[in-house]
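Both counts, for ligands and for their atoms, begin at 1 and track the order of listing. Counting from 1, the numbers follow the sequence of the chain as shown. Just so you know, these numbers use all the heavy atoms, side chains as well, and skip hydrogens, waters and symmetry mates.
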Amino acid sequence: MKKIILATGNEGKVRELNAMLRGHYNVISQSDMQVKEVPETGTTFIENALIKARNASLQTKLPTLADDSGLQVEALNGEPGVYSARYAGESATDNDNIEKLILNMDQHDNRKAHFCCVMVFVKSARDPSPVIVEKRWEGELLREPVGENGFGYDPVFYLPDHGCSSAQLQPEVKNEISHRGQALRDLLKQLLSFE
Ligand code: ITT
């Protein structure tokens, strides 16, 4: 099976992506290859995903998959967006970020939000034609966290069609419908069609 590097240091992403790539690729985490992370200096998900993919591919000399994602809240003009992981500061935990979001949303009745995921695949660090997919997952923000599964903002991301938060979904169900699940499926379809 072909080797592929996962250019992420986020354990939640690693779990979800591993589950979906199983059987297709021999997946290696960038941390297992001692990849040194670089700052995400882009202002868009696409820029940051490319920065991470090219960095890991440069250091490992292997094809690489990167995911840049985040939560965009309508009433906050798209915030926290690319800053989702660092919303409450550089070393913020998921709980710190959720607390800040709940506070900032206190006065807002418009609870609409979506997750965005950009998935990038590069064959090499200087691949001139990366495969790029962008997908969204629509939902609403809760006023209190519920559920234990997933990671990040899942406990406050409510799915009206399912009547629960994304942290209450079974992992397989989340992968079936999430921004990341949709993006990876689309990307895989493209990669397998090149082979
Ligand atoms: P890497 O850059 O190493 O991949 P990161 O956590 O810094 O890890 P991002 O810059 O892409 O990754 O930030 C994504 C953040 O968006 C993540 O930390 C969560 O707070 C949030 N997020 C993304 N996908 C999510 C999901 O499926 N469920 C909940 N929160 C999610």
Taking CD in Glu144 as the centre, count heavy atoms belonging to other residues, nucleotides or ligands within less than 6.0 Å. Is the count above 12?
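Atom CD in Glu144 is not crowded, with 12 or fewer foreign heavy atoms closer than 6.0 Å.
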
Where the side chain of Gln190 meets the backbone of Leu187, is there a donor-acceptor pair that is under 3.5 Å apart?
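No, because the side chain of Gln190 does not come within donor-acceptor range (under 3.5 Å) of the backbone of Leu187.
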
Would you list the atom pairs, donor with acceptor, under 3.5 Å between side chains in residues 116-134 and any protein atom, with sequence neighbours excluded?
residue	atom	partner	partner atom	Å
Lys123	NZ	Asp127	OD2	3.4
Ser124	OG	Asp127	N	3.4
Asp127	OD1	Ser129	N	2.9
Asp127	OD2	Lys123	N	2.8

Residues 15-40 side chain polar contacts: donor-acceptor under 3.5 Å, at least two apart:
residue	atom	partner	partner atom	Å
Glu16	OE1	Arg180	NH1	2.8
Glu16	OE2	Lys174	NZ	2.7
Asn18	ND2	Val14	O	3.3

Would Asn10 and Thr8 count as a side chain to side chain donor-acceptor pair (under 3.5 Å) here? Give the steps.
CA-CA 5 Å; Asn10 180 316; Thr8 176; 5.4 Å; no

How would you list, by chain and number, the residues with a heavy atom under 4.0 angstrom from ligand 1?
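Shell around ligand 1 (4.0 Å, heavy atoms): Thr8, Gly9, Asn10, Lys13, Glu40, Lys52, Asp67, Asp68, Ser69, Gly70, Ser84, Ala85, Phe115, Phe151, Gly152, Tyr153, Asp154, Lys174, His179, Arg180.
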
With sequence neighbours excluded, give me every ring-ring contact (aromatic ring centres under 6.0 Å, His included) pair touching residues 176-195.
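For residues 176-195: Phe115-His179, Trp137-His179.
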
